[in-house]
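Take a look at the structure below.
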Amino acid sequence: MKKQLTVHPFPHDAESNGFIAALSSVVCAARKYTDDTPYWCSPKGFYCKKCGGCTGQSLGKTQLSVYHCLLTASGLAFGFDYPEDDSVGSHTIPNTPVGWRWDDGFMSDIMDFAGLSFIRCKNKTAAEIRAVIKNSIDAGYPAMAANHRVYPNEMTWSSCWKIICGYTDDGITVMNYGGEVSNETDGTYEDIIVITGKVDCTNDAACNGNKRKQTYFDVLKRIYAVLSDPSHDALEDEIMADLSNVTTENAVMLSYKLMGINGVPIEARWHAAEAFTSKDNLLYSLVNLSPAGSAESNVLKAAAEKLSDLFFKRYIAEGNNETHGIGWKIWACLNVGPQTGYLPTEESFNLIQQPDVQSELKRLFRIVFDNDRAVANGIMEALNAVHS
């Protein structure tokens, strides 16, 4: 017996974290999202009408919206590196040592936020996985699997997760990073996440009365913890010190270091802003959990409106010293961009040795950190409003 589910390929658009990208496609399949699922267009302020201003409504847009929310609610959108990237000296996400591999507490929280129940298995062959996932696949729920204890090279972390989207007579059908689908009968996966059902789905009998444990304010507390972590101030001081001590000998290393640091917030804060400015996504659904018109509902909606405006202004509002635009200016200082594969070149190594370039980089990086502090302060104001 064979069966294969339809799953949207991952990653879609600007999605650098392979785990979150894969999970976003899994969420879309598990929650039965399709090309006809209503999609809130933040720039226009209404649901997609296929006006032609972009590529039109598609499941890809919904998948990207899910990615926005998962990266944001997990806190991963607010560091300067991703937690499974072992190439860094230390992480800028609290309680995340180098070598971290999606601990159980993190997995429980992100699955709860996604509205999915799951079980986690370790070290199973393709045949053993088939036996575990068959009932879930039959119910329309895909799974995920990875071998990530030791990466062959430092960038493998971004693409080690696969989606198990079906089963064959003697194995499993997997979707690889990039969307290629293949059947596997051999091999072992060390980490398997099996989706078993849905939780907190309005008017959906499949949830069996199960509710998400997290509130909107739980998510805000998690984000605040990342933004206010002492490692961020330490990193800012380190960047300033580095730029005050550029030499011919360290120019190459510092160019790669600064461009690598810049690569995360320029993309991840954009995802965060998109998550907070939408009126209909996984994040905003937490705002609507309280009865309409209740005191709690009014507080939630007031906080969401303020934070939507704050995230927009600080992270993506064009011409406003927003982090996304500042990130492009940081790249431009060393002439880095799509034309260089977002990597520094020989020209970059020369540019970073120029005092005026060093001063401009300092100014721009300070804006990035200042924007994060402003967002953290806004979140704390929202949290304090609950107890006022």
Side-chain angles (χ1 to χ4, degrees), residues 42 68-83 90-96 105-106 109-110 112-113 212-239 261 264-279 281-290 294-317 320-324 326-327 365-388:
S42 295
H68 295 325
C69 293
L70 295 178
L71 197 76
T72 299
S74 66
L76 300 188
F78 302 95
F80 290 84
D81 55 84
Y82 288 122
S90 60
H91 288 299
T92 51
I93 299 172
N95 304 311
T96 307
F106 177 93
D109 284 343
I110 197 168
D112 176 69
F113 174 78
R212 282 194 279 178
K213 300 179 180 67
Q214 294 172 81
T215 67
Y216 185 70
F217 291 110
D218 290 331
V219 171
L220 294 185
K221 289 175 185 176
R222 183 179 301 117
I223 294 170
Y224 180 81
V226 180
L227 285 172
S228 62
D229 191 76
S231 63
H232 290 219
D233 287 340
L235 180 62
E236 183 180 17
D237 291 342
E238 182 180 324
I239 290 172
I261 290 171
V264 175
I266 192 176
E267 179 187 309
R269 305 303 192 272
W270 169 70
H271 289 297
E274 290 287 349
F276 270 89
T277 55
S278 176
K279 290 295 186 292
N281 59 15
L282 284 174
L283 178 61
Y284 199 80
S285 67
L286 293 178
V287 176
N288 292 323
L289 289 182
S290 300
S294 66
E296 182 181 20
S297 174
N298 292 336
V299 170
L300 282 170
K301 289 183 177 178
E305 287 294 329
K306 286 185 178 180
L307 290 176
S308 174
D309 184 60
L310 177 62
F311 273 70
F312 178 75
K313 288 180 177 177
R314 290 290 179 166
Y315 287 152
I316 59 174
N320 190 54
N321 273 348
E322 81 291 356
T323 294
H324 189 68
I326 291 297
F365 269 109
R366 286 194 187 99
I367 294 173
V368 171
F369 286 95
D370 284 345
N371 283 340
D372 278 354
R373 280 188 279 267
V375 171
N377 290 338
I379 290 174
M380 182 51 65
E381 288 178 8
L383 292 171
N384 288 338
V386 182
H387 305 291
S388 60

Heavy atoms of Asp81 and Ser90 approach each other most closely as OD2-O, 4.1 Å
Rounded distance [0.5 Å steps], CD1 in Ile223 versus CG in Leu283: 7.0 Å
List for me each residue that meets side chain to side chain contact (heavy atoms under 4.5 Å, CB included) alongside Asp370, sequence neighbours excluded, and say none if there are none. Arg373
Are the side chains of Tyr216 and Leu307 in touch, meaning some heavy atoms are under 4.5 Å apart? yes
Are any of the side-chain heavy atoms of Thr92 and Asp229 separated by less than 4.5 Å? no
State whether a side-chain donor-acceptor pair under 3.5 Å links Tyr315 with Asp372. yes
Work out which heavy atom in Val287 is nearest to a heavy atom in Ala304; give both atom names and the distance. CG2-CB, 4.0 Å
Report the distance from atom CD of Glu274 to atom CD1 of Ile316, rounding to the nearest 0.5 Å. 5.0 Å
Thr96 side chain reached by Tyr82 side chain, heavy atoms, under 4.5 Å: no
Drop me the distance from Glu381's CD to Leu310's CG, to the nearest 0.5 angstrom. 8.5 Å
So, does His324 use its side chain to make a donor-acceptor pair with the main chain of Trp270 at under 3.5 Å? no
Minimum heavy-atom separation for Thr72 and Ala275, please, with both atom names. OG1-CB, 3.6 Å
So with a 6.0 Å cut-off around NZ of Lys279, is the heavy-atom count from everything else above 12? yes
Decide yes or no for Leu300 and Phe217: does some side-chain heavy atom of the first lie under 4.5 Å from some side-chain heavy atom of the second? yes
Do Pro83 and Leu76 have side chains that approach each other closer than 4.5 Å (heavy atoms only, starting at C-beta)? yes
Nearest 0.5 angstrom please: Ile93 CD1 to Leu227 CG, how far? 10.5 Å
Are Phe80 and Ser231 close enough, and set up right, to give a side chain to side chain contact (heavy atoms under 4.5 Å, CB included), and what steps lead you there? CA-CA 10 Å; Phe80 290 84; Ser231 63; over 6 Å; no
Is the backbone N or O of Asp109 less than 3.5 Å from a side-chain atom of Gln214, with the two atoms forming a donor-acceptor pair by type? yes
Is the side chain of Arg222 donor-acceptor paired with the backbone N or O of Ala73 at a distance under 3.5 Å, no angle test? yes
Which value, rounded to the nearest 0.5 Å, describes the distance between Ile266 atom CD1 and Arg269 atom CZ? 11.5 Å
Checking the side chain of Asn371 only, and the main-chain atoms of Arg314 only, is there a donor and an acceptor separated by less than 3.5 Å? yes
Can you check whether Lys306's main-chain N or O pairs, donor with acceptor, with Ser308's side chain at less than 3.5 Å? no
Quick one: closest heavy-atom pair of Phe311 and Ala273, and the distance? O-CB, 3.8 Å
Just checking, any donor-acceptor pair under 3.5 angstrom between side chains of Ser285 and Asn288? no
Taking all non-hydrogen atoms of both residues into account, name the closest pair between Ile110 and Ser74 and its distance. CD1-CB, 4.0 Å
Ring centroid separation for His232 and Phe369, is it under 6.0 angstrom? no
When every non-hydrogen atom of Ala272 is compared with those of Phe78, the smallest separation belongs to CB-CZ, 3.6 Å
Can you find a heavy atom in the side chain of Leu286 that is under 4.5 Å from one in the side chain of Thr215? no
Asn95 atom CG, over 12 foreign heavy atoms within 6.0 Å: no
For the backbone of Ala374 and the side chain of Asn377, can you confirm whether one donor and one acceptor N or O come within less than 3.5 Å of each other? no
Do any N or O atoms from the side chain of Asn320 and from the backbone of Glu322 form a donor-acceptor pair under 3.5 angstrom? no
Hey, what do you get for CZ (Phe276) to NE2 (His271), rounding to the nearest 0.5 Å? 14.5 Å
